[in-house]
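To start, the structure itself, in structure tokens.
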Amino acid sequence: MGRSGQHAAVIGASIAGLCAARVLSDFYDRVTLYERDELPAEPANRAAVPQGRHVHLLMARGAAELEAHFPGLLDDMVAAGVPILVNRPDCIHFGAAGHVLGTSDDLREEFTAYVPSRPHLEWQLRRRVTAIGNVDIVRAGVTEPMFDAARQRVTGLRLDTGDEAQADLVVDTAGRGTRLPVWLQQWGFDRPPEASVDVGISYASYLLRIPDGLVIEKVVVAGAHRQQPLGLGMLCYEDGTWNLTTFGVAKVEPPHDFAGMCELADEIVPPHLAAAIRKAEPIGDIALHKYPTSRWRRYHKLDRFPAGILPFGDAVASYNPTFGQGMTMASLQAGHLRRALEAPGDDLAATFNKAAAKSTYPVWTMNAVADLVMHRATGAMPWWYRPVGELFDQFLGAAETDPVLAEWFLRRFSLLDSLYMVPSMALVARTIKHNMGLFMAQRRTLRVPRWRETAS
Ligand SMILES: Cc1cc2nc3c(=O)[nH]c(=O)nc-3n(C[C@H](O)[C@H](O)[C@H](O)COP(=O)(O)OP(=O)(O)OC[C@H]3O[C@@H](n4cnc5c(N)ncnc54)[C@H](O)[C@@H]3O)c2cc1C
């Protein structure tokens with residue numbers, strides 16, 4: 001084992017904080033997570049994680065990564081009733097950018113994903129972390145890190161209880177609202193350069209009870225697209241309830257009542273799913289959430305960075321939530337943290353920030369292409385985004401009826417295999433051939449002489 005120290009402190013005990021603590025517990029004598037929010041003993045929504053009341057998809061890659069950090073997690077989730085998802089048409093209805101994929105029974109390989117509610121997943125991770133002997137979770141807000149200017153390093157944390165905690169390493173998993181850029185500036189460092197995309201997303205969600213037997217799918221996704229700025233996601237959770245989220249992109253508001261959601265479902269999902277939603281009974285109140293901007297704080301670009309602190313999770317990058325990637329990306333960062341702690345050399349932050357940037361780049365870029373080219377988002381757009389977006393639209397069009405292309409996309413969308421959505425030349429050729437075939441068939445149909453139509 002590489003580096004070690006006496007005490008590591010983590011700001012925030014959400015998904016990223018729990019993943020970080022799990023890794024740190026193998027390298028430090030003590031690990032303390034400081035969380036300002038009340039942490040429920042049972043799976044339950046939390047005030048500081050308002051997104052937990054909306055559809056939260058754990059990607060297949062995220063499930064595998066979390067299982068590697070927390071062995072036995074997936075079996076425990078299944079035992080608790082968490083539905084298993086395979087990429088079969090009877091399990092998932094998946095609409096991306098206006099194309100419905102995975103409808104063919106010819107998908108060759110299956111991959112498995114899991115559909116825990118967000119509160120359930122966080123609770124499963126929390127109870128595992130709490131059970132680690134050298135980890136504590138303390139209910140306290142962090143006001144700021146302590147910084148030793150002479151050593152140019154963070155030495156611990158000040159808490160809103162008035163206490164101070166010394167630490168060899170602080171990991172900032174405070175989420176999108178991280179104050180690290182401000183603290184860096186106060187300590188005489190540059191703020192990280194930021195990439196941002198104004199996606200203007202609004203969420204409106206209900207928990208539903210759907211009468212048994214009406215829906216066999218476990219996951220329903222109808223993403224927004226050029227002609228339709230509204231989308232819908234629906235997941236079946238471990239207790240048999242359904243989370244129905246409707247959303248709008250580019251500042252278009254989704255319906256704010258159940259009747260409106262039913263009308264939207266009529267338009268954008270197959271009739272049997274829309275009919276099931278109409279027969280559902282909403283439980284509790286509607287939950288609303290706004291997500292204006294995706295943001296990547298590019299710490300790896302900084303020449304100078306203080307020792308003793310690391311940004312992690314949404315504090316580094318928060319992605320368009322309708323693509324369902326944030327938790328999986330946090331689980332990948334846990335792997336980067338482990339490898340950085342094991343690596344020789346003493347610039348932990350540089351090693352970690354570089355590795356995190358490497359996995360962020362392809363996912364961030366594909367999201368930015370989709371949002372800026374297809375979802376009317378605004379932000380800096382290199383010239384090549386538009387042609388890549390148009391080509392990808394062609395690809396998805398072909399993937400509707402070509403299971404090989406569909407499977408390639410679904411595996412990458414789930415962040416399996418590779419984080420890069422760059423098809424090989426063979427797949428590009430297959431796309432062109434497929435779409436040319438469709439085009440020619442369409443032309444032939446249009447050219448059928450009237451006498452032949454009447455004769456047949
Ligand atoms: C609407 C929405 C939908 C989403 N859907 C998905 C999805 O389908 N799939 C997916 O993978 N991801 C999704 N995400 C992203 C996902 O929620 C995050 O990536 C994930 O929660 C990891 O975030 P985090 O742990 O870094 O931060 P957060 O979950 O934001 O947690 C930050 C924690 O830090 C604590 N904290 C903050 N400041 C302090 C402080 N000063 N002192 C002490 N504690 C502090 C907070 O109380 C909180 O507990 C969605 C996000 C949104 C907004």
Side-chain angles (χ1 to χ4, degrees), residues 9-21 32-40 45-63 65-66 113-119 121-122 125-126 137-145 157-161 165 170-180 182-183 199 201-205 219 221 223 233-235 243 245-247 254 287-295 297 311-334 356 360 363 367 413-415:
V10 181
I11 310 175
S14 184
I15 302 289
L18 294 166
C19 287
T32 313
L33 293 110
Y34 296 96
E35 171 56 57
R36 64 181 178 192
D37 196 18
E38 186 177 344
L39 297 173
N45 283 304
R46 294 203 284 122
V49 183
Q51 70 265 36
R53 296 186 64 194
H54 303 273
V55 151
H56 250 72
L57 197 56
L58 175 63
M59 292 296 176
R61 175 72 178 273
E65 295 287 332
L66 289 177
Y114 299 79
V115 196
S117 66
R118 162 69 199 235
L121 177 62
E122 196 179 300
L125 300 183
R126 189 162 63 244
I137 304 184
V138 172
R139 173 97 193 267
V142 171
T143 49
E144 62 176 351
L157 293 173
R158 289 196 180 87
L159 308 176
D160 60 5
T161 53
V170 169
V171 177
D172 177 7
T173 63
R176 283 168 58 76
T178 171
R179 306 249 314 135
L180 184 54
V182 177
W183 293 330
V199 286
I201 292 174
S202 300
Y203 269 51
S205 300
V219 169
V221 177
M234 192 165 88
L235 304 183
N243 190 332
T245 289
T246 53
F247 59 87
L288 304 173
H289 191 84
K290 288 214 184 295
Y291 178 94
T293 304
S294 299
R295 200 176 297 285
R297 299 180 174 96
F312 188 115
D314 279 21
V316 180
S318 59
Y319 308 85
N320 176 338
T322 70
F323 298 144
Q325 296 153 331
M327 300 189 296
T328 296
M329 296 307 282
S331 73
L332 286 169
Q333 285 189 10
T360 301
V363 178
N367 287 4
F413 182 82
S414 305
L415 305 174

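Counting convention: from 1, in listed order, for ligands and their atoms alike.
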Show your working on side chain to side chain contact (heavy atoms under 4.5 Å, CB included) between R53 and H289 and close with a plain yes or no. CA-CA 9 Å; R53 296 186 64 194; H289 191 84; over 6 Å; no

For R46 and E35, run salt bridge (charged side-chain N to carboxylate O under 4.0 Å, His left out): C-alpha distance rounded to whole Å, both residues' side-chain angles, the deciding distance at 0.1 Å, then the answer. CA-CA 12 Å; R46 294 203 284 122; E35 171 56 57; 3.5 Å; yes

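For ligand 1, the atoms sitting less than 4.0 Å from at least one non-hydrogen atom of G326 are 10 (C), 11 (O), 12 (N), 19 (O), numbered in the order shown with element in parentheses. Near R46, meaning under 4.0 Å from any of its heavy atoms, are these atoms of ligand 1: 49 (O). Using a 4.0 Å cut-off to heavy atoms of Q325, the atoms of ligand 1 that qualify are 10 (C), 11 (O). Each of the following atoms of ligand 1 lies closer than 4.0 Å to a heavy atom of G313: 26 (O). Within ligand 1, counting atoms from 1 as listed, the ones closer than 4.0 Å to a heavy atom of A140 are 43 (C). Counting the atoms of ligand 1 from 1 in the order shown, those under 4.0 Å from a heavy atom of G12 are 34 (O), 35 (C), 44 (N). For ligand 1, the atoms sitting less than 4.0 Å from at least one non-hydrogen atom of V55 are 5 (N), 8 (O), numbered in the order shown with element in parentheses.
Annotation: R176 places no N or O atom under 3.5 Å from an N or O atom of ligand 1; distance criterion only. Between D37 and ligand 1, no pair of N/O atoms sits closer than 3.5 Å. Checked against a 3.5 angstrom limit, the closest N/O atoms of V49 and ligand 1 fall outside it. At a 3.5 angstrom cut-off on N or O pairs, M327 counts as close to ligand 1. For a threshold of 3.5 Å applied to N or O pairs, the pair formed by F312 and ligand 1 contains no separation below that value. At a 3.5 angstrom cut-off on N or O pairs, H54 does not count as close to ligand 1.
Looking at atom 44 (N) of ligand 1, its nearest protein heavy atom turns out to be R36 N, 3.3 Å. Counting only heavy atoms of the protein, atom 27 (O) of ligand 1 lies nearest to G175 CA, 3.5 Å. When only non-hydrogen protein atoms are considered, atom 20 (C) of ligand 1 lies nearest to R118 NH1, 3.5 Å. For atom 52 (C) of ligand 1, the closest non-hydrogen atom on the protein side is Q51 CB, 3.3 Å. Protein heavy atom nearest atom 9 (N) of ligand 1, with residue, atom name and distance: L57 O, 2.9 Å. Here the heavy atom of the protein found nearest to atom 47 (O) of ligand 1 is E35 OE2, 2.6 Å. Summary of contacts: the protein heavy atom closest to atom 3 (C) of ligand 1 is P321 CB, 3.3 Å.
Among H56, E144, E122, the residue whose heavy atom lies closest to atom 4 (C) of ligand 1 is H56. Considering V142, N243, I15, T322 only, the shortest heavy-atom separation from atom 41 (N) of ligand 1 involves V142. When T173, L39, D314 are ranked by how near their heavy atoms come to atom 26 (O) of ligand 1, first place goes to D314. The residue among A16, G177, S14 with a heavy atom at the shortest distance from atom 33 (C) of ligand 1 is S14.
Side-chain contact check for P311 versus T178: every heavy-atom pair is 4.5 Å or farther apart. Contact of the V316 side chain with the M329 side chain is not registered, since no non-hydrogen atoms from C-beta on lie closer than 4.5 Å. Counting heavy atoms from C-beta on, the side chains of L66 and L58 come closer than 4.5 Å. Residues V142 and R179 are not in side-chain contact: their nearest non-hydrogen atoms beyond the backbone lie 4.5 Å or more apart.
A donor-acceptor pair shorter than 3.5 Å can be found between the side chains of S14 and R118.
No donor-acceptor distance shorter than 3.5 angstrom exists from the side chain of S318 to the backbone of R176, with no hydrogens or angles considered. Checking side-chain atoms of S294 against main-chain N and O of N320 turns up a donor-acceptor pair under 3.5 Å. Judged by distance alone, the side chain of T245 and the main-chain N or O of G233 form no donor-acceptor pair under 3.5 Å.
Residue contacts with ligand 1 include G141, since one or more of its heavy atoms lies under 4.0 Å from the ligand.
Rounding to the nearest 0.5 angstrom, the gap separating the CG atom in D314 from the CG atom in D172 is 11.0 Å.
By the 30° and 60° cut-offs, the orientation of the rings of H54 relative to Y203 is perpendicular.
Y319 pairs by the ring-ring contact (aromatic ring centres under 6.0 Å, His included) definition with nothing, not counting sequence neighbours. Not counting sequence neighbours, the partners of R139 by the side-chain contact (heavy atoms from CB on, under 4.5 Å) test are E38.
Other residues, nucleotides and ligands contribute over 12 non-hydrogen atoms within 6.0 Å of the CZ atom of R158.
With a heavy-atom cut-off of 4.0 Å, Y34 touches ligand 1 through its backbone alone.
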